[in-house]
Asker: 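A single structure is presented below for examination.
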Amino acid sequence: MATIILENVNAHFPIYGQQRSLRKALFQRATGASIEHEGRNNDRLSVKALTDISLTLHDGDRVGLIGHNGAGKSTLLKLMAGIYEPVSGTIKVEGRVTPLFDTMPGLDRDDTGYENIITSGMLIGMTRRQIEAKIPEIEEFCELGEYLGLPVRTYSTGMTMRLGFALVTAMDPGVLLMDEGFGTGDLRFAERAEARMKNFVGRSSIMVLASHSDKTIRSMCNKAIMMDAGRIVASGPVNEICDQYYESVHTSAVADHRSRLGKGTSTGYSASNVAGKEQIDVDGWIENVGLADRLMRTNGSARMTRVAARDAHGNARWDFVPGETATFRFEYKILERVDNAAILFRLNLVTPGGGEVIFAERREVLSSEPLEAGFEGALELSLQVPDLMPNQYLPYVWLGRTSNAGAYDVVDVNIGLPPFVVRPSSEQTSRGGILSLAFEAKQSGTLRQDAFTKVDAL
Amino acid sequence: MTMVLTPLEDKGTGIRSLSETAADDLLRGLRKTELWGRLGWLEVKRRYRRTTIGPFWNSITLAIYVLTVGTVGAAIWHQNIYDYLPFLVSGMIVWTLVASIITDSCNLFIAGQSLFRNIRLDYSVLAYAMVWRNFIVLLHNFAVYFLVVVVLKPSLLSFTALLAVPGLALVLMNGIWVSLLLGMLCLRFRDVPQLVSSIMQIAMLITPLFWPADTLTGIKRFVFVNLNPLYHVVDVVRAPLLGRVPEAISYGAMIAMTIGGWWLTYAMFKRFRKRIAYWS
């Protein structure tokens, strides 16, 4: 029987060798509680990642960890996995633990697929014999055929992911610890993969999944724990907690949305703070906004400095009527040399039930060549707003590697980006759904006496 | 804040705590021969991928080095070339091993962080893999020794040469604690790797590698030979390869270093092992 027990667990991350300017920025911008000064002259900086966590998990628990960026979900997972050890408190885990934070640990692009299967498998904790017994199954599932004998650098990103997925899901999961993005977030798996994933999770004794999407958690878990600023805020049955999380994130957005629908049209975006975070000014400068949250979650190699929306006349606004053209401007700068860079821009519609319906996503490669520190760039995306249901669409901007793995910076409503608001237009006909289809209406009718025969009886 | 999802029945009984001891890490890591064997071997293989003669490139570089520097050195130190070349080659083989273990140690946990931050890994596995990798390179370099000795002075291949094996074992045992200690130190203080590399450059010149220890006398010999730990490290392997039994003082120094070094490393590892992931 598997068990996980945590008692009064605390974790702090020391920060070493930061530039003075970055320190200043952190002091000023961070939400006070999470960054602390230590040492004689208050010159040692540490981020308080987890505070007083106590919990007990048993066989059959499928637990979702939900919370904002930087709430401590991933840190908690890594503590359960034994990767980080708590500063104080105790962690007891019975049963074999499988942490899935990296699909193929120790991957070397010059080694062949077979060689990497064995190295990664051993690093995950299998013996060579166990892995060799699994090879036929892995071969069959990943469908890479003769590629398995070639160096992994000849694979596409998708092929590498397939290999990692086939390998990991072939093992005995035991206590399964997963971070979002593994098989649930960025990857769009075919039905076959989804079935395999379900089966894999089903074989585990305990599963803990960290995600900030309540939809993912609702679909995979039976219990949930909501976290904020390194603390457990609530825990219990999955739907109850997810509803609570949805409320906390979207209360103000939903209230604003309702009042807007009630009032009909209104001008300008003037919603109150989303999720209580600081509001971004109308020009969209976000370089230092919510930095602690962003740095906790990303590697900080580059930073979004501005996310702004403008109309066709160059006026800054985030609310549009269908038919208008909205131009989104993204400015970024590179803080340390990166091999490549891409921006993913997403607009999410959040339904009142809490599920996210992705309605738009655009991925732009900024550079497939290395970018040096100090490089500053901008990207503009224009969109003719389609005939959408009047609503608030939550923006999410991801800046990271072109391979989709490895984020340099993530900016979304959690740090205060305003929602993209679609206002009702005069021609709006539909009262529900997401998209109004543009029907052309044409009517006709004539009176034809001769064609009418009433049948009395059969 | 306390939260219990399911009632806790058997509190603490039979459930092992996740935080294991340093000794656990060292022993369990050592038992994973399959894993560190593979990690070390793949590293050698990767370095020479797509070359025809692989790690023997190392040996060839060493051979050329020994032949050229040896010819010049024999003249400078007024040595007989039949004695000087075997002396130089056996010294350089051991020095290559020692110096690369020390420099690789500095990078041990810095390079390994992508592994131990994503999976649960005994830190000692990385140290064993690194020492093993350098041992594999050493075996290739031995080819140069045999070549030189067979051509110039076959009489050196006696039973005394077998004493190099226990000497080598002592060197490797010290290599493991050095890699753990330096690995931790360099991960936390990123200036240390620079310091170590400059010290190693100077150490190569002041350790009797190019010149026989007997060229120095009196206080100079005492400082640069007897007090120089690297001399003893080299000589416990080199002396048997040159048909001599190592001096008792060398064995004494090695045993003292093994015990003292492991004692210090174990204390540090026990104290700071939990912090390694946080330092990365």
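A, B, ... follow the sequence lines: proteins, then strands. Residue 1 opens every chain.
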Asker: What heavy-atom pair brings A:Pro99 and B:Arg120 nearest, and what distance separates the two atoms?
Answerer: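 Heavy-atom minimum between the residues: CG-N, 4.4 Å.
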Asker: Using a strict 4.0 Å threshold on nitrogen-to-oxygen distance, state whether A:Asp111 and B:Lys45 make a salt bridge.
Answerer: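 No, A:Asp111 and B:Lys45 are not salt-bridged.
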Asker: Taking atom CH2 of B:Trp95 as the centre, report whether more than 12 heavy atoms of other residues, nucleotides or ligands fall under 6.0 Å from it.
Answerer: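 Correct, the count exceeds 12.
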Asker: Let me confirm one number: the CZ-OH distance from B:Phe116 to A:Tyr84, rounded to the nearest 0.5 Å.
Answerer: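 OH of A:Tyr84 is found 9.0 Å from CZ of B:Phe116.
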Asker: Would you check if B:Asn118 and A:Pro105 make a side-chain contact, meaning some heavy-atom pair closer than 4.5 Å?
Answerer: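 The answer is no; the side chains never approach within 4.5 Å.
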Asker: Tell me whether B:Arg46 is salt-bridged to A:Asp108, with the criterion being a basic N under 4.0 Å from an acidic carboxylate O.
Answerer: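 Salt bridge between B:Arg46 and A:Asp108, a charged N being under 4.0 Å from a carboxylate O: yes.
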Asker: List the atom of A:Leu79, the atom of B:Tyr278, and the distance in Å for their closest heavy-atom pair.
Answerer: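 A:Leu79 and B:Tyr278 have their closest heavy atoms at CD2-OH, 4.2 Å.
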Asker: Heavy-atom distances under 4.5 Å only: say whether A:Thr98 touches chain B with side chain, backbone, both or neither.
Answerer: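 Neither part; nothing is under 4.5 Å.
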Asker: Does A:Arg153 have more than 12 heavy atoms from other residues, nucleotides or ligands lying within 6.0 Å of its CZ?
Answerer: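 Yes, CZ of A:Arg153 has more than 12 neighbouring heavy atoms, counting only those of other groups under 6.0 Å.
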Asker: Does the side chain of B:Arg38 reach to within under 4.5 Å of the side chain of A:Arg128, using non-hydrogen atoms?
Answerer: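 Sidechains of A:Arg128 and B:Arg38: in contact.
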Asker: If you define the side chain from C-beta out and look only at heavy atoms, does anything of A:Ile83 sit under 4.5 Å from B:Ile119?
Answerer: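 With C-beta onward as the side chain, the pair stays apart.
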Asker: Calculate, to the nearest 0.5 Å, the distance between atoms CG and CG belonging to B:Leu42 and A:Asp110 respectively.
Answerer: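 Separation between the atoms: 11.5 Å.
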Asker: Go through the atoms of B:Arg50 and report whether side chain, backbone, both or neither lie under 4.5 Å from a heavy atom of chain A.
Answerer: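 Just the side chain, heavy atoms under 4.5 Å.
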Asker: Testing the basics here: between B:Arg117 and A:Lys78, what is the closest heavy-atom pair and its distance to 0.1 Å?
Answerer: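 Closest approach of B:Arg117 to A:Lys78, heavy atoms only: O-NZ, 3.0 Å.
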Asker: Measure distances from B:Ile276 to the heavy atoms of chain A and classify the residue's part below 4.5 Å as side chain, backbone, both or neither.
Answerer: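 Neither part; nothing is under 4.5 Å.
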Asker: For B:Phe189, is it the side chain, the backbone, both, or neither that has a heavy atom closer than 4.5 Å to a heavy atom of chain A?
Answerer: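 Neither the backbone nor the side chain of B:Phe189 comes within 4.5 Å of chain A.
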Asker: Are the side chains of A:Glu85 and B:Arg273 in touch, meaning some heavy atoms are under 4.5 Å apart?
Answerer: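 Yes - at least one pair of side-chain heavy atoms lies under 4.5 Å apart.
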Asker: What part of B:Leu35 gets within 4.5 angstrom of chain A, counting heavy atoms only: side chain, backbone, both, or neither?
Answerer: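 Answer is both: backbone and side chain atoms of B:Leu35 are under 4.5 Å from chain A.
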Asker: Please check if atom CZ in B:Arg49 has more than 12 non-hydrogen atoms from other residues, nucleotides or ligands closer than 6.0 Å.
Answerer: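 Result for CZ/B:Arg49: enclosed.
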Asker: Could you tell me which portion of A:Leu6 (side chain, backbone, both or neither) has an atom closer than 4.5 angstrom to a non-hydrogen atom of chain B?
Answerer: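 Neither the backbone nor the side chain of A:Leu6 comes within 4.5 Å of chain B.
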